[in-house]
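These numbers come from the heavy atoms of this one structure, side chains and all, not from hydrogens, waters or symmetry mates. Every number for a ligand or one of its atoms is a count from 1 in the order of the listing.
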Amino acid sequence: MTKNALRQLPSVDRVWRALEARGAVDAYPRALVIREIRDAIDAARAGEAPATTAAGSREAVLSAIAATVEDRLRARGKGGPRRVINGTGVALHTNLGRAVLSEAARQAVASVAGGYSDLELDLTTGERGSRLDHVEGLIREVTGAEAALVVNNNAAAVLLALDTLAEGREVIVSRGQLVEIGGAFRVPAVMAKSGARLVEVGTTNKTYLRDYEEAITPETALLLRVHTSNYRVIGFVAEVALDELVELGRRRGLPVMEDLGSGALVEFAAHGLPSEPTVQRSVRAGADVVTFSGDKLLGGPQAGIAVGRREVIARMRSNQLMRALRIDKLTLAALVATLRAYLEPGRAEREVPALAALLAEPTALAAKARRLASRLRLRAGGLGRFTAEPDASPAGGGSLPGVELPTWVIALEPAAPAAHGMTPNEIEAGLRRADPPVLVRVSQGRVLVDVRTLAREEVSMVVEAFAGLAPAPGAGETQ
Ligand SMILES: *Cc1c(COP(=O)(O)O)cnc(C)c1O
């Protein structure tokens, strides 16, 4: 910053008074406000945001800093993570917390959170129990597996499986399956952490059974198959089916693992969607261990589930890592309640919000979008023209790659700048700052709200968020 610009920086006291005049300080602890003011002044001095401080007048600098502090207080003051409204239509959005929990799961969490529980106590004998006893039988029943365990997430389940079955030895994987999920989970990196050595076979698009077979050495500990849950290779493609790999494993005395990732427990193909491998199918194919996430297509809390042969799961359970990766009581309660919906055919599709959103009928979505559009025209018509129209939503969150689900959106074509219109990006940012925040898409100069991911009670909040941005009726006419 230049000397002249440095002189423009306000004191902490001046920023405080400016914020006080805006009524922006009352809701927050004084120490927090002061800390945010100091940080904003320091950032301006260091030549960082806010941008206007470089060249602005004293007043402009003051108001830019005050605005920054106000934004940060609003974002931090309430603590987080905060509830937001997902108008993107992406049912499993990793940045938005993936699966919304079912009513039963929410109640189970609240009940366990508010008191003591029999987490590791057998109430019939009064003896010490295992937290996994609450869930293992249920997972076995739903998936058909001999045994099951649960850890923090699927990345942890994969780490635990590799560490248990292949530490210091070789694991054979197809080059076409070396996936990266969400920028943080990479099969080769997890493998390295577990101490197993990766042996890549085949090519990016084609891998045959003989490629695995030729790579087997006395050092081989495991044959691994990874479901490419967030991408699809199209064109000339060959991968080895799980049952063929299982047959090879049996013949050569090697265990076979499948990292399924998305972990569907219902047949999506039966609902007119592209087929997604189910956990039950992988278990039936004879995999020794199958791992998957609790918060993708299963629709539960963040968790990693491993199912498979009794002896393999028992070895994983007695691994020391298990203690570091174990799930807490809230997750366990939510998982058990979510899984119970899968015990009766058709119930999970109705009660698990992620499934209900993914399987929503376009006709129902159309009706919801039309109702929302007409309420928006009434309450926020000043923002521009609202229409309801068909569109497509991606499934997201490492599931159903490439699948576009037919959906309905409300589209807002903003009023022209001459009529005091806001730009689509200004509207998007305004909705993001609403309380609760509403997340939407901007596409081709329009603001889109996909109704697939709106819960019934959220529709009115969306209307209020738009209304909060709309000019008051008649505001344009007095100018
Ligand atoms: C999502 C996914 C993971 C990571 O699972 P988390 O539950 O996010 O840790 C690992 N492998 C595959 C194939 C996945 O799809």
Side-chain angles (χ1 to χ4, degrees), residues 90-101 135 139 148-163 165-166 171 173-194 196 198 207 222-233 239-240 242 245 256-265 268 274-279 281-282 287 289-308 316 321-322 324-328 331-332 334-335 338-339 354 358 394-403:
V90 180
L92 294 167
H93 197 308
T94 299
N95 298 357
L96 302 186
R98 289 199 189 152
V100 172
L101 295 183
V135 73
I139 299 174
L149 62 77
V150 184
V151 286
N152 254 318
N153 52 26
N154 186 40
V158 173
L159 177 69
L160 179 66
L162 292 174
D163 186 84
L165 299 173
V171 177
V173 192
S174 160
R175 285 205 170 81
Q177 299 174 357
L178 295 174
V179 309
E180 172 179 305
I181 311 278
F185 177 92
R186 288 178 158 201
V187 169
V190 174
M191 187 98 59
K193 279 285 176 211
S194 73
L198 173 66
T207 302
L222 181 69
L223 306 178
L224 173 63
R225 193 173 193 281
V226 184
H227 174 44
T228 56
S229 59
N230 62 353
Y231 67 98
R232 199 148 274 177
V233 182
E239 284 290 357
V240 176
L242 182 61
L245 210 55
V256 174
M257 164 173 167
E258 180 163 58
D259 174 17
L260 207 45
S262 40
L265 293 173
F268 281 83
S275 171
E276 175 73 15
T278 60
V279 178
R281 265 197 264 170
S282 296
V289 56
V290 181
T291 62
F292 53 99
S293 299
D295 54 354
K296 290 182 180 171
L297 294 175
L298 192 157
Q302 179 189 304
I305 301 173
V307 299
M316 287 170 67
L321 268 179
M322 190 70 198
L325 305 176
R326 76 179 185 188
I327 57 163
D328 80 310
T331 306
L332 188 58
L335 184 63
T338 306
L339 284 167
L358 287 168
S399 48
L400 304 169
V403 175

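- Between Ala99 and Ala354, the shortest heavy-atom contact is CB-CB, 4.3 Å.
- Shortest non-hydrogen contact noted between Ser282 and Leu260 is OG-CD2, 3.7 Å.
- Shown in contact with Arg98 at under 4.0 Å from a heavy atom are these atoms of ligand 1, numbered in order with element: 6 (P), 7 (O), 8 (O).
- Between Leu325 and Ala156 the shortest heavy-atom distance is CD1-O, 3.7 Å.
- The shortest separation from a heavy atom of Arg186 to ligand 1 is not under 4.0 Å, leaving the residue out of contact.
- Not a single heavy atom of Gln302 sits closer than 4.0 Å to an atom of ligand 1.
- Scanning both residues, Leu297 and Glu276, for their nearest heavy atoms gives CD1-CG, 3.6 Å.
- Annotation: Asp295 places no N or O atom under 3.5 Å from an N or O atom of ligand 1; distance criterion only.
- The residue among Ser293, Ala155, Ala156, Gly261 with a heavy atom at the shortest distance from atom 9 (O) of ligand 1 is Ala155.
- Ranked by closest heavy atom to atom 2 (C) of ligand 1, the top entry among Arg225, Gln177, Lys296, His227 is Lys296.
- Checked against side chain to side chain contact (heavy atoms under 4.5 Å, CB included), Ala306 has the following partners two or more places apart in sequence or in another chain: Leu149, Val289, Thr291, Ile313, Met316.
- Proximity of Val158 to ligand 1 is not established, as no heavy-atom distance is less than 4.0 Å.
- Across all their heavy atoms, Thr207 and Val240 have their closest contact at O-CG2, 3.7 Å.
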